[in-house]
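Presented below is the structure to which this report refers.
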Amino acid sequence: MTVRIDEKRVFEIIEAKKPRVILVNAPGGLLRQTKDLMAQVKEKYGVTCILSGDSCFGICDTADDDVERLQADLALHIGHNAAVTEVGDFTYLVDAVDDVEFDKVAQVAAKALFPYKRIGLATFSQHLHQLKPVREKLESFGFEVVVGKGNNLMLEGQVFGCDFSTSFPVREEVDAFAVLGESEFHAVGLALSTGKPTFMLDPYMNEVTDMQVAADERRKRAILAVYKALDARIFGVITGLKEGQKMLGRSRWISKRLEMNGRKVIQLAMRDVTAERLAPHREIEAFVQTACPRISIDGFTFDRPVLSIPQADALVALIEGREPGEFLERSKWIELTVGLIKK
Ligand code: SF4
């Protein structure tokens, strides 16, 4: 596997903007390549790069607000390719792509997908350029292939861990989804969001995995957490402080509905929602967090219910005597507040 950061774009930005100091943030899996890039920038242009040591899981984790605090001139956010190239006041998105080919795994997929005729193709940032060749390959095997349209934030066929709004609208046009890349995280998310059979195509092992069991397990745990929270009288409602996850309006709405229904609410704000951070709040019996929904849906370490936005909606419905329905089946689990428009 070779993941390449788009260095050319970085050099163009530096030559155009002539910064003295750059703040860089990147996901854990790209830190080695990012540090190599920082060294190159220093050597080629004499520009100082500061690497953000905070967690960086998605496009929501930009560090725009930190640029001025660190007396930097701009920020580079690495590896979360999107339909936008700049966010906030100072941040430039820099793509990273994986060179791995999908030829072999597409052949394996042709067998695994045999019971289905219409396939929805989706993937995440690093493999977007593989959608076209895999589409052609699957079509050559006789499948009808659908790739969801891009939108204001996401490119054609792209999914985030919380936003499936490219693929969700085509779910009725396909029999199953195929997700390119070794990421159970994205494939399970798409399975839960669309309610469709979903397969992960791993190009490193040339394996195709049906996500049904993993998705069912997450769905059951998500439902169980909602029912456990029904008994709670004291709630903590957490607003995330990460730049792309600030859902203050949702936190207020959920707090109000809980209070209207006789629950006590303590509102909290934090950057990272972890079991360790929640531990001191012993009196709180259940939490709702309006930051990253995957903290709740994939979180195995909490000792009390910690609900995401869709789960909180289900909880409010149950409290108010309504059916919660398939609450995870929606196009987005959070409306990302990434600073999309440059001021
Ligand atoms: S909020 Fe969405 S984009 Fe951000 S880390 Fe969570 S899943 Fe990824």
Side-chain angles (χ1 to χ4, degrees), residues 25-31 52 54-65 75 77-84 87-88 91 93-96 122-128 150-155 157-168 179 181-194 198 200 211 214-215 218 222 238-251 269-274 277 287-302 306-313 328 330-340:
N25 79 334
L30 291 178
L31 286 180
S52 168
D54 280 339
S55 56
C56 179
F57 298 118
I59 196 168
C60 56
D61 278 319
T62 49
D64 205 67
D65 293 347
H77 179 83
I78 313 279
H80 296 118
N81 316 8
V84 289
V87 302
T91 302
L93 301 187
V94 179
D95 293 358
T123 191
F124 47 94
S125 301
Q126 274 66 56
H127 302 302
L128 284 164
N151 54 40
N152 66 333
L153 181 58
M154 303 163 86
L155 295 159
Q158 185 171 24
V159 288
F160 296 151
C162 56
D163 189 333
F164 315 94
S165 54
T166 53
S167 296
F168 188 83
V179 178
E182 188 228 347
S183 173
E184 187 175 312
F185 177 77
H186 291 95
V188 162
L190 187 62
L192 289 171
S193 150
T194 60
T198 301
M200 177 180 81
M211 303 317 297
R218 300 279 208 302
I238 304 165
T239 303
L241 291 175
K242 291 193 172 193
E243 286 177 11
Q245 304 176 0
K246 273 184 244 158
M247 301 288 286
L248 203 49
R250 288 295 267 155
S251 294
M270 60 186 76
R271 205 167 171 77
D272 289 299
V273 182
T274 61
R277 290 280 152 80
F287 294 89
V288 170
Q289 60 88 16
T290 62
C292 174
R294 302 305 292 257
I295 293 167
S296 302
I297 291 163
D298 302 283
F300 296 96
T301 55
F302 297 115
V306 179
L307 307 186
S308 59
I309 290 173
Q311 290 169 287
D313 289 343
L328 291 176
R330 53 174 81 174
S331 73
K332 311 173 181 192
W333 292 336
I334 179 176
E335 191 72 48
L336 288 168
T337 55
V338 178
L340 291 178

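Nothing here was measured: the structure is a model prediction, and the numbers come from that model. Whatever order the structure lists them in is the order used to number ligands and atoms, beginning at 1. All residue numbers in this chain count up from 1 along the given sequence.
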Ring pair (Phe, Tyr, Trp, His ring centres under 6.0 Å) with Phe287: which residues, sequence neighbours excluded?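 Ring pair (Phe, Tyr, Trp, His ring centres under 6.0 Å) check on Phe287 returns nothing, list empty.
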
Under 3.5 Å, side chain of Thr239 to main-chain N/O of Met247, donor-acceptor pair present?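 Side chain of Thr239 to backbone of Met247: no pair is present.
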
Could you please spell out the steps behind the side chain to side chain donor-acceptor pair (under 3.5 Å) verdict for Asp54 and Ser52? CA-CA 6 Å; Asp54 280 339; Ser52 168; 4.5 Å; no

Do Gln158 and Thr166 get their side chains close enough for a donor-acceptor pair, meaning under 3.5 Å?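 There is no such pair between these side chains.
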
Quick test of your reading of the model: are Asp313 and Arg250 salt-bridged, counting only N-O distances below 4.0 Å?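 Salt bridge present between Asp313 and Arg250.
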
Heteroatom count (protein N, O or S) under 2.8 Å of atom 4 (Fe) of ligand 1: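 Under the 2.8 Å cut-off, the count stands at 1.
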
Indicate the ring-plane relationship of Trp333 and Phe164, choosing parallel, tilted or perpendicular according to the 30° and 60° boundaries.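 The arrangement is perpendicular - the two ring planes meet at more than 60°.
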
